[in-house]
Trainee: 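The structure that follows is given in the form of structure tokens.
Each chain gets a letter, A, B and so on, in the order its sequence line appears, and its residues count up from 1.
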There are 2 protein chains.
Amino acid sequence: MPDSLRQFKAELFQALAHSTRIAILDLLREGELTAGTFSDRLGLEQANLSQHLAVLRARQIVTARRAGNQVIYSVRDPLIWKMLDLMRRYFHKQVGESMTMLEQLEKAEERGS
Amino acid sequence: MPDSLRQFKAELFQALAHSTRIAILDLLREGELTAGTFSDRLGLEQANLSQHLAVLRARQIVTARRAGNQVIYSVRDPLIWKMLDLMRRYFHKQVGESMTMLEQLEKAEERGS
DNA sequence: TCAGTATATTCGAGAATTCGCATATTCTTA
DNA sequence: TAAGAATATGCGAATTCTCGAATATACTGA
């Protein structure tokens, strides 16, 4: 496995490693959106959103095109959403495991003291 | 979509956002490995590897158990590898697109000047 | 108990990330 | 061309990440 591939993966993971950027990608599931939409919907500073969009642009995760006064963003490859979906699955599995571990602890306590 | 879930995803992506940690997870595809294996195989400082392992442990991506003198690591949930595999697919798709874009540019040049 | 092996932690420095604020840039419309 | 709307960029401060060096901890075997 070449290290350049690992480097690529690491950079992509890094780009996804912020809840605001994940929120942006979630919003884009609806389709294309103008840049302003993000600050409106997420209630964050315009400049801040623009910075996060710049990160996603730099990694080519989103593409932007100008339409008159505004800039329209969209996700370059829907595969990105699969990543987020896989993470959701992972989350639920982890939560599930924690629950059963708790249950077992409770049972052990009943039997115990 | 609750923000706690986005936060969870972001933290997990953050944990994956380093080529050394990706290399660790790739090595663990073979099965359990002792901590020392990583510094041997990757040719990095023992302390450095231990720090990266600590990151993966903190996010419960790997589990560690002591076996006498050494510590044996394994991946907690194979789903993690699916994430890496998905990233590989993403990489190849991107590369493919870049190639076709280059080809189109070349054709355009032939027709052009 | 002591020396040695395997692994983890702490610390400090340098780099990178994130944010708010101010300012630039790009485009439209009067 | 000037004002205004939409978006991006530059800057400085606070925080976080990463690394190497040194040190600590856990275990084994003599």
Trainee: Take atom CG of Leu16(A) and atom P of dT17(C), then tell me their distance rounded to the nearest Å.
Mentor: 14 Å
Trainee: Need one value for Tyr73(B): base, sugar-phosphate or nothing, where a base atom within 4.0 Å counts as base even if backbone is also close, heavy atoms only.
Mentor: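 Sugar-phosphate: the residue Tyr73(B), judged by heavy atoms under 4.0 Å, touches backbone atoms but no base.
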Trainee: Which nucleotide in the set dA21(D), dA6(C), dT7(D) lies at the smallest distance from any side-chain heavy atom of Ser50(A)?
Mentor: dT7(D)
Trainee: Is a donor on one side and an acceptor on the other found under 3.5 Å between the side chain of Trp81(B) and the backbone of Leu25(B)?
Mentor: yes
Trainee: To the nearest angstrom, how far is Gln14(A) atom CD from dT18(C) atom P?
Mentor: 6 Å
Trainee: Any donor and acceptor pair, going by atom type alone, linking the side chain of Arg21(A) with main-chain N or O of Ala15(A) inside 3.5 Å?
Mentor: yes
Trainee: Name the orientation class of the two ring planes belonging to Phe38(A) and Tyr73(A) (parallel below 30°, tilted from 30 to 60°, perpendicular beyond 60°).
Mentor: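 Rings of Phe38(A) and Tyr73(A): perpendicular, over 60°.
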Trainee: When the nearest nucleotide of DNA chain C is assigned to Ala17(A) and to Val71(B) on a heavy-atom basis, which residue is associated with the more 5' position?
Mentor: Val71(B)
Trainee: If you assign each of Gly68(B) and Ile72(A) to its closest nucleotide in DNA chain D, which residue comes earlier from the 5' end?
Mentor: Ile72(A)
Trainee: Can you tell me the distance, in whole Å, between the CD atom of Glu11(B) and the P atom of dT17(C)?
Mentor: 18 Å
Trainee: Tell me, with the steps shown, if Lys82(A) and Asp85(A) meet salt bridge (charged side-chain N to carboxylate O under 4.0 Å, His left out).
Mentor: CA-CA 5 Å; Lys82(A) 293 234 180 202; Asp85(A) 295 342; over 6 Å; no
Trainee: Would you confirm whether Arg59(B), through its side chain, and Glu11(B), through its main-chain N or O, come within 3.5 Å as a donor-acceptor pair?
Mentor: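 Indeed, once roles are kept as given, a pair shorter than 3.5 Å links the two residues.
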Trainee: So, under a plain 3.5 Å distance rule, would you say the side chain of Gln51(B) forms a donor-acceptor pair with the base of dT10(C)?
Mentor: yes
Trainee: Atom CD1 of Ile22(A) and atom C1' of dT18(C): how far apart are they, to the nearest Å?
Mentor: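 About 15 Å, once rounded to whole Å.
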Trainee: In whole Å, what is the span from the CZ atom of Arg65(A) to the C1' atom of dA6(D)?
Mentor: 16 Å
Trainee: Heavy atoms from C-beta onward define the side chain here; which of dA8(C), dT9(C), dC19(D) lies closest to that of Ala35(B)?
Mentor: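 Of the candidates, dA8(C) comes closest.
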Trainee: Under the 3.5 Å rule, do the base of dA6(D) and the side chain of Gln46(A) count as making a donor-acceptor pair?
Mentor: no
Trainee: Could you state the atom-to-atom distance from CZ of Phe38(A) to C1' of dA8(D) in whole Å?
Mentor: 15 Å
Trainee: Should Arg57(B) be listed as having a side-chain N or O under 4.0 Å from OP1 or OP2 of dT9(C)?
Mentor: yes
Trainee: Which nucleotide sits closest to the side chain of Ala47(A): dA21(D), dT9(D), dC19(D)?
Mentor: dT9(D)
Trainee: Ignoring backbone atoms, test whether His52(A) places a side-chain nitrogen or oxygen under 4.0 Å from the OP1 or OP2 oxygen of dT17(C).
Mentor: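 His52(A) to dT17(C) OP1/OP2: no side-chain N or O under 4.0 Å.
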Trainee: Just so I know, are the side chains of Leu27(A) and Leu42(A) near enough to count as touching, which here means a heavy-atom distance under 4.5 Å?
Mentor: yes
Trainee: Tell me: CG of Leu53(A) to P of dC19(C), nearest whole Å?
Mentor: 12 Å
Trainee: Closer than 4.0 Å, any side-chain N/O of His18(B) to the OP1 or OP2 of dC19(D)?
Mentor: yes
Trainee: Looking only at side-chain N and O atoms, does Arg21(A) come under 4.0 Å of OP1 or OP2 in dT18(C)?
Mentor: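 Answer is yes, contact under 4.0 Å.
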Trainee: Give the rounded distance in Å between these two atoms: CG of Leu49(B) and P of dA6(C).
Mentor: 15 Å
Trainee: Applying a 4.0 Å non-hydrogen cut-off, can you work out what Thr34(A) is touching in the nucleic acid: base, sugar-phosphate, or nothing?
Mentor: sugar-phosphate
Trainee: Could you please name the option among dT10(C), dT7(D), dA26(D) that lies closest to any side-chain atom of Asn69(B)?
Mentor: dA26(D)
